[in-house]
**Q** 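I am attaching a structure below and will ask some questions about it afterwards.
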Amino acid sequence: MAKERVITLIEQALQRAKEAGELPIAQLPEVSVEPPRVKEFGDFATNVAMLLTRELKRPPREIAETIVKYLPEDRLVSRVEVAGNGFINFTLHPHWLHDVLREIQQKGESYGKWEIGQGKRVNVEFVSANPNGPITVAHGRGGAIGDVLANLLEAVGYRVTREFYVNDATNSLQMQHFARSLVVRYRQLLGEDIELPEDGYAGEYLVDIARELLEREGTHLAEGEEEAVTERFRAYAEQAMKRQQQQDLADFGVVFDVWFSENSLHTSGQVEDAIRELKERGYAYEHDGAVWLRSTAFGDDKDRVLVRNNGQPTYIAADAAYHKNKFERGFDHLIDIWGPDHHGYIARTKAAVAALGYPVENFEVLIYQIVRLFKGGDLVRMSKRAGNVVTLRDVLDEVGKDAARFFFLMRSHDSPLDFDLELAKKESSENPVYYVQYAHARICSMLRVAAEQGWTVPSASEADLSPLQHENEIALMKKLDEFPEEVLEAATERAPHRLTRYSMEVADAFHKFYDTCRVVGEEEHVTRARLVLVDATRIVLKNVLGLLGVSAPERM
RNA sequence: GCGCCCGUAGCUCAAUGGACAGAGCAUCAGACUUCGGAUCUGAGGGUUGGGGGUUCGAGUCCCUCCGGGCGCGCCA
């Protein structure tokens with residue numbers, strides 16, 4: 001890549017200047033090269049001179065000029081300038097952009113990929129909705145972020161496992177309430193005049209499950225001793241919910257490799273093992289009849305209960321065992337993606353990981369901020385128990401998978417997201433996702449028309465690309481050149497939302513090009529060069545939409 | 001009270017510590033005999049919540065104040 005080449009040139013200049021005694025510095029700074037915002041400043045710029053001002057106690061401009069003096073000749077560089085503030089601006093010969101097109105055409109689907117992950121294994125755990133209700137629109141945000149982050153990590157060379165933690169512990173109060181609510185719904189269907197308990201679940205979906213249960217298992221399920229009945233309904237409801245969650249997520253384009261059962265940690269003794277190990281390591285102790293995690297030893301505000309005085313382990317005990325289990329399965333790095341109501345749990349979970357002797361720097365928690373739901377401008381308060389949740393299914397039915405995913409990823413994860421269902425539906429034809437998809441469909445259409453007239457996309461390595469001179473052509477090629485960098489940045493910064501923005505920028509650059517540069521019908525060498533550019537744009541759009549899990553339609 | 005996140009154009013949001021803070025929507029004014037008008041061109045819009053500090057350079061980092069959201073259980 002051209003950028004790496006410029007970096008190398010600067011490093012060589014620094015080295016030579018240092019050896020010549022003109023830059024008396026202890027060690028060479030890390031050279032950063034970026035495309036300037038203003039195109040008049042050239043193709044690439046470096047701020048390296050400014051970084052040295054303190055050590056050298058000389059004005060940045062002077063340092064920059066010294067560096068330029070020692071810059072080696074290179075056939076790629078056509079002009080080097082020092083700006084008043086000390087930036088060094090590089091203008092390259094136009095053919096550097098032709099290399100970009102060649103690279104895109106040659107790499108195709110793998111354009112934008114990296115190998116920095118070196119095949120290390122990463123576990124990304126996300127959504128992890130409790131099995132007592134459908135996937136909600138809030139879970140959808142976590143689903144989109146987690147899935148695309150996983151795509152990005154794969155793209156930069158990690159081996160990624162997508163994991164869903166099922167909170168199916170049979171002793172959990174929530175699941176008990178949930179099961180009892182289902183029993184009531186079932187009995188109501190049998191004609192009994194009874195009401196939901198006060199802390200029951202009012203959602204209609206429970207009626208559906210009850211009906212399904214009635215049809216498949218008959219009318220005698222609620223007979224017998226209460227505890228056994230509750231357990232029977234709990235087990236059934238949980239399975240039914242899980243199936244529904246899997247289906248909803250699959251329709252959202254999110255497929256998990258592992259659905260990890262919390263209950264399995266309890267039944268297999270892994271929770272006990274973790275607690276014992278914590279005790280052995282001196283990070284768990286008994287007090288007031290309970291077992292406590294000494295999480296304050298790792299920066300938590302207070303110690304946390306691992307085992308209640310009734311002998312039941314808490315959520316954090318299972319979580320300690322769970323993260324231990326993940327490391328034992330051989331993952332080099334763990335990423336948990338949690339909703340905003342869980343940020344208070346980061347400190348204690350990290351404490352548990354550290355207390356068990358695992359490298360806490362390899363365990364990362366990503367918190368996304370709330371999804372505020374609006375209906376026609378009115379804020380909707382959602383409550384699973386009250387039964388007024390807006391589900392991911394609702395959103396999928398209204399706006400479709402592509403728009404939903406794109407919408408969820410248009411904002412940074414740590415910024416709140418307002419989701420107005422009516423607005424999303426009403427504006428669906430103006431949704432930015434269509435702008436990007438349209439660009440792709442338009443390209444495919446152009447290539448079809450070209451094919452009808454006997455054109456094929458020439459090989460970039462053989463075609464003469466010098467006709468690509470228009471400012472919109474150059475802007476488009478530069479934008480395509482940014483893609484690999486953008487992928488790397490989005491992956492390492494855990495910022496999948498950068499991709500939506502980038503995809504819009506590519507679409508924008510393409511539409512501007514389309515408006516000013518005709519492809520079919522120009523002189524042959526112009527048409528051939530532009531076909532290469534158009535096809536390269538198609539590849540990049542397809543790749544970026546692929547990472548987003550959004551379809552790249554050939555027709556719309 | 002403590003912790004996390006946020007405060008940028010009328011609205012919703014971008015911006016590895018870099019040059020003149022950018023998009024979309026909305027508003028207004030324009031552009032099609034030709035490859036898809038779900039498009040393009042242009043205009044108006046800003047003391048980046050206030051005040052200090054660090055730095056050659058701050059929307060970005062630090063301190064402080066103001067405002068908003070969320071969380072602080074032997075629930076999950």
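Naming: A, B, ... by sequence-line order, numbering from 1 per chain.
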**Q** Could you work out, with side chain to side chain contact (heavy atoms under 4.5 Å, CB included) as the rule, every residue matching A:Arg518, not counting sequence neighbours?
**A** A:Glu522
**Q** Between atom OH in A:Tyr514 and atom P in B:U41, what is the gap in whole Å?
**A** 14 Å
**Q** Checking all strands, does A:Glu554 fall into the base, sugar-phosphate, or nothing category for heavy-atom contacts under 4.0 angstrom?
**A** base
**Q** Could you tell me which non-hydrogen atom of A:Glu473 sits nearest to which non-hydrogen atom of A:Cys517, and how far apart they are?
**A** CG-SG, 3.7 Å
**Q** Just how far, in rounded Å, is C1' of B:U16 from CD1 of A:Ile7?
**A** 12 Å
**Q** Of all residues at least two apart in sequence or in a different chain, which pass the side chain to side chain contact (heavy atoms under 4.5 Å, CB included) check with A:Arg448?
**A** A:Cys444, A:Ser445, A:Glu554, A:Arg555
**Q** Can you figure out which of B:A14, B:U16, B:G36 approaches the side chain of A:His497 most closely?
**A** B:A14
**Q** Let me check I have this right: for RNA chain B, each base becomes ., (, ), [, ] or |, based on Watson-Crick or G-U pairs with both distances under 3.5 Å. What is the full string?
**A** (((((((..((((....[...)))).(((((.......))))).....(((((..]....))))))))))))....
**Q** With sequence neighbours excluded, tell me which residues meet side chain to side chain donor-acceptor pair (under 3.5 Å) with A:Ser412.
**A** A:Asp414
**Q** Using the P atoms only, state how far B:C6 lies from B:G46, rounded to an integer number of Å.
**A** 25 Å
**Q** Show me the pairs that pass side-chain hydrogen bond (donor to acceptor under 3.5 Å, both in side chains) and involve residues 317-326 of chain A, at least two apart or across chains.
**A** A:Glu125-A:Lys326, A:Glu163-A:Tyr322, A:Gln270-A:Asn325, A:Glu277-A:Lys324, A:His323-A:Asp336, A:Lys324-A:Glu328, A:Asn325-A:Arg329, A:Lys326-A:Asp336
**Q** Taking atom C1' in both B:A21 and B:C35, compute the distance separating them and give it to the nearest angstrom.
**A** 37 Å
**Q** Please confirm whether any donor atom in the side chain of A:Thr492 sits under 3.5 Å from an acceptor in the base of B:U16, or the reverse.
**A** no
**Q** Using atom C1' in both nucleotides, what's the gap between B:A26 and B:U34 to the nearest angstrom?
**A** 33 Å
**Q** Could you tell me which residues satisfy ring pair (Phe, Tyr, Trp, His ring centres under 6.0 Å) with A:His470, sequence neighbours excluded, listed by chain and number?
**A** none
**Q** Does a nitrogen or oxygen in the side chain of A:Arg530 sit under 4.0 Å from OP1 or OP2 of B:C35?
**A** no
**Q** Return no unless some side-chain N or O of A:Tyr435 is found under 4.0 Å from OP1 or OP2 of B:C40.
**A** yes
**Q** Just checking A:Glu262: base, sugar-phosphate only, or nothing, at a heavy-atom cut-off of under 4.0 Å?
**A** sugar-phosphate
**Q** Between A:Lys57 (NZ) and B:U55 (P), how many Å, whole number?
**A** 12 Å
**Q** Please indicate whether A:Arg58 has more than 12 foreign heavy atoms, meaning atoms of other residues, nucleotides or ligands, lying under 6.0 Å from its CZ.
**A** yes
**Q** Can A:His511 and A:Tyr435 be said to form a ring pair (Phe, Tyr, Trp, His ring centres under 6.0 Å), step by step?
**A** CA-CA 10 Å; A:His511 288 310; A:Tyr435 182 75; 4.9 Å; yes
**Q** I need the OH-C1' distance between A:Tyr438 and B:C35, as an integer number of Å.
**A** 11 Å
**Q** Taking the P atom in each of B:G57 and B:G18, what is the distance between them to the nearest angstrom?
**A** 14 Å
**Q** Can you name the ring pair (Phe, Tyr, Trp, His ring centres under 6.0 Å) partners of A:Phe126, sequence neighbours left out?
**A** A:Phe256
**Q** In this structure, how many angstroms lie between the P atom of B:C4 and the CG atom of A:Leu366, rounded?
**A** 16 Å
**Q** Can you tell me, in whole Å, how much space there is between the C1' of B:G52 and that of B:A15?
**A** 25 Å
**Q** Which part of the nucleic acid, if any, lies within reach of A:Thr53 when heavy atoms closer than 4.0 Å are counted: base, sugar-phosphate only, or nothing?
**A** base
**Q** Please measure how far the P atom in B:C25 lies from the corresponding atom in B:G42, and state the result in whole Å.
**A** 15 Å
**Q** Looking for any heavy atom pair under 4.0 Å, which part of the strands does A:Cys517 touch: base, sugar-phosphate only, or nothing?
**A** base
**Q** Separation of A:Asp515 atom CG from B:U41 atom P, in whole Å?
**A** 7 Å
**Q** Does the distance from a Lys or Arg side-chain N to an Asp or Glu carboxylate O, for A:Arg501 and A:Glu486, drop under 4.0 Å?
**A** no
**Q** Say we look at B:C61 and B:C4: how far apart would their P atoms be, to the nearest angstrom?
**A** 13 Å
**Q** For the pair made of CZ in A:Arg518 and P in B:U33, what is the distance, rounded to whole Å?
**A** 13 Å
**Q** Does B:U39 have its OP1 or OP2 closer than 4.0 Å to a side-chain nitrogen or oxygen of A:Lys512?
**A** no
**Q** Applying a 4.0 Å non-hydrogen cut-off, can you work out what A:Val449 is touching in the nucleic acid: base, sugar-phosphate, or nothing?
**A** sugar-phosphate
**Q** Using a 3.5 Å cut-off and no angle test, enumerate the donor-acceptor pairs between side-chain atoms of residues 38-49 of chain A and protein atoms at least two apart in sequence or in another chain.
**A**
| from | atom 1 | to | atom 2 | distance (Å) |
| --- | --- | --- | --- | --- |
| A:Lys39 | NZ | A:Glu471 | OE1 | 3.3 |
| A:Asp43 | OD1 | A:Lys478 | NZ | 2.9 |
| A:Asp43 | OD2 | A:Leu92 | N | 2.8 |
| A:Thr46 | OG1 | A:Ser32 | O | 2.9 |
| A:Thr46 | OG1 | A:Val48 | N | 3.2 |

**Q** Nearest heavy atom decides the nucleotide; on that basis, is A:Ile367 or A:Ser32 closer to the 5' end of RNA chain B?
**A** A:Ile367
**Q** Measure from the side chain of A:Glu489, starting at C-beta and using heavy atoms only, and say which of B:A38, B:U16, B:G36 lies closest.
**A** B:U16
**Q** NA contact type, A:Ala441, heavy-atom cut-off 4.0 Å: base, sugar-phosphate, or nothing?
**A** base
**Q** Determine whether a donor-acceptor pair (one donor, one acceptor, N or O, separation below 3.5 Å) exists between the side chain of A:Arg54 and the base of B:U55.
**A** no
**Q** I'd like to compare against my own output: the B/S/- annotation of nucleotides 67-75 of chain B with a strict under-4.0 Å heavy-atom distance to protein.
**A** --SBS--BB
**Q** From CG of A:Asp418 over to P of B:G7, roughly how many Å is that when rounded to an integer?
**A** 14 Å
**Q** Got a sec, which residues hit side chain to side chain contact (heavy atoms under 4.5 Å, CB included) with A:Ser551, two or more places apart in sequence or on another chain?
**A** A:Asp402, A:Gln437, A:Pro553
**Q** Return a single string for nucleotides 17-23 of chain B, one symbol per nucleotide in 5' to 3' order, where B is base contact, S is sugar-phosphate-only contact and - is none, cutoff 4.0 angstrom on heavy atoms.
**A** -BB--B-
**Q** Only counting residues at least two apart or in another chain, list the ones meeting ring pair (Phe, Tyr, Trp, His ring centres under 6.0 Å) with A:Phe87.
**A** none
**Q** Check for me whether the distance between the ring centres of A:Phe298 and A:Tyr283 falls short of 6.0 Å.
**A** yes
**Q** If you only use heavy atoms from C-beta on, which nucleotide in B:C5, B:G36, B:C35 is closest to the side chain of A:Arg448?
**A** B:G36
**Q** Rounding to an integer number of angstrom, what distance separates B:U47 and B:G10 when you compare their P atoms?
**A** 8 Å
